[in-house]
Amino acid sequence: MLAGLALSSGRLQAEPAEEAPSYQFDSGFLMGSSLGAGGLERFNKVSTVDPGVYQVDVFVNGAFRSRKAVEFRAGGKEVVPCLEDAFLIGAGVLAANLAPADAGAQADGAQGAAGAVCLPLGQRVAGARATFDLPRLRLDLSIAQALMKRAVRGAVDKGELDPGVPAGFVNYDTNYFRASNSGSASESMYLGMNFGANAGMWRLRQQ
């Protein structure tokens with residue numbers, strides 16, 4: 001009896017787990033529509049995104065980098081983000097480890113707006129990959145630490161420092177005090193002023 005139970009348990013453990021159901025969109029049912037020419041087959045793949053410009057949160061190795069508008073273009077069999085060399089270098093990639101922008105960018109659609117290069121990230125930085133989460137509008141860049149410059153955690157790149165707009169301010173503080181005792185009185189008054197001005201990297205303060 002025990003042996004029979006053991007064999008039965010072994011057979012249960014050996015059975016493979018059921019795979020998640022897969023879905024296939026058949027564009028043949030959309031006859032007479034512009035989507036009927038193979039437009040739905042792309043949704044048979046996971047994490048499919050249509051080409052276009054998306055306002056996304058960019059994370060580099062799990063750390064938030066910035067929120068920016070990123071163009072996605074069809075590059076071969078996948079849609080890839082178009083990223084500028086300056087952005088990747090600002091994100092910490094050493095310039096020596098970044099493939100030239102024109103390397104492999106001769107194909108149609110490889111050059112995006114404002115100098116962005118629309119190629120798979122792995123072709124620009126060895127071993128790197130980009131993953132886009134469309135529902136959360138999150139773009140994750142995974143780059144080997146050996147290819148990035150060393151920086152203190154939380155440090156801000158100098159290229160992202162902004163001195164702000166020209167501005168000026170004036171503040172004042174005043175008070176009046178009067179005291180009397182046995183027919184004698186004393187009075188005092190104080191006025192304090194401070195002002196400042198900001199212009200570029202200059203800061204002027206006076207008190």
Side-chain angles (χ1 to χ4, degrees), residues 20-27 29-30 33-95 97-149 151 153-165:
S22 60
Y23 302 93
Q24 296 292 326
F25 293 93
D26 187 357
S27 59
F29 289 103
L30 296 176
S33 170
S34 60
L35 294 176
L40 285 181
E41 276 74 6
R42 67 184 187 277
F43 292 108
N44 293 329
K45 299 180 180 180
V46 180
S47 301
T48 299
V49 57
D50 281 333
V53 178
Y54 299 82
Q55 190 76 19
V56 303
D57 292 332
V58 184
F59 287 76
V60 179
N61 293 336
F64 176 76
R65 177 63 188 178
S66 65
R67 175 173 294 176
K68 68 188 303 271
V70 177
E71 179 185 5
F72 288 78
R73 285 195 179 187
K77 298 182 179 180
E78 59 180 330
V79 177
V80 298
C82 305
L83 300 173
E84 307 88 354
D85 286 355
F87 176 79
L88 293 175
I89 294 175
V93 179
L94 291 171
N97 297 323
L98 184 63
D102 57 350
Q106 301 301 325
D108 293 340
Q111 191 70 29
V117 181
C118 308
L119 290 174
L121 188 60
Q123 295 185 18
R124 307 186 61 197
V125 183
R129 69 177 185 275
T131 305
F132 183 44
D133 187 340
L134 179 58
R136 294 194 296 170
L137 291 176
R138 170 169 171 161
L139 177 62
D140 279 276
L141 308 181
S142 178
I143 305 172
Q145 292 290 346
L147 304 180
M148 304 181 67
K149 59 185 177 183
R153 184 182 298 273
V156 179
D157 187 79
K158 292 182 179 180
E160 295 191 356
L161 295 179
D162 187 350
V165 298

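Computed over heavy atoms, backbone and side chain alike; hydrogens, waters and symmetry mates excluded. For reference, positions follow the sequence shown, starting with 1.
Shortest non-hydrogen contact noted between Gln123 and Ala99 is O-CB, 3.7 Å. When all heavy atoms of Leu141 and Ala130 are compared, the closest pair comes out as CD2-CB, 3.7 Å. Counting all heavy atoms, side chain and backbone alike, Arg73 lies closest to Pro51 at CA-CB, 4.4 Å. Across Phe132 and Val56, no two heavy atoms sit closer than the pair CE1-CG1, 3.5 Å. When all heavy atoms are compared, the tightest approach of Leu94 to Met148 is CG-C, 3.8 Å. The minimum heavy-atom distance between Ala146 and Asn97, with the atom names listed, is O-ND2, 4.2 Å.
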Apply side-chain contact (heavy atoms from CB on, under 4.5 Å) to Val70 and Cys82, showing your working. CA-CA 6 Å; Val70 177; Cys82 305; 5.5 Å; no
Test Val49 against Tyr54 for side-chain contact (heavy atoms from CB on, under 4.5 Å), laying out the working first. CA-CA 10 Å; Val49 57; Tyr54 299 82; 3.4 Å; yes
Determine whether Thr131 and Asp133 satisfy the following criterion, side-chain contact (heavy atoms from CB on, under 4.5 Å), listing intermediate values before the conclusion. CA-CA 7 Å; Thr131 305; Asp133 187 340; over 6 Å; no
In sequence, state the C-alpha distance, the side-chain angles, and the governing distance for Phe87 and Val58, and then conclude on side-chain contact (heavy atoms from CB on, under 4.5 Å). CA-CA 11 Å; Phe87 176 79; Val58 184; 3.7 Å; yes
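At a threshold of 4.0 Å, the pair Asp57-Arg67 counts as salt-bridged, since one of the basic side-chain nitrogens sits closer than that to a carboxylate oxygen.
One distance of note links CZ of Arg124 with CG of Asp85; it measures 4.5 Å at 0.5 Å rounding. We find the CZ-CD distance between Phe72 and Glu78 to be 11.5 Å, quoted to the nearest 0.5 Å. In this structure, CG on Leu83 lies 6.5 Å from CG on Leu139, to the nearest 0.5 angstrom. With rounding to the nearest 0.5 angstrom, the CD1 atom of Ile143 is 6.0 Å from the CG atom of Leu88. To the nearest 0.5 Å, atoms CG (Asp140) and CZ (Arg129) are separated by 9.0 Å.
Inter-residue side-chain proximity for Val125 and Leu98 is flagged as met; some heavy-atom pair is nearer than 4.5 Å.
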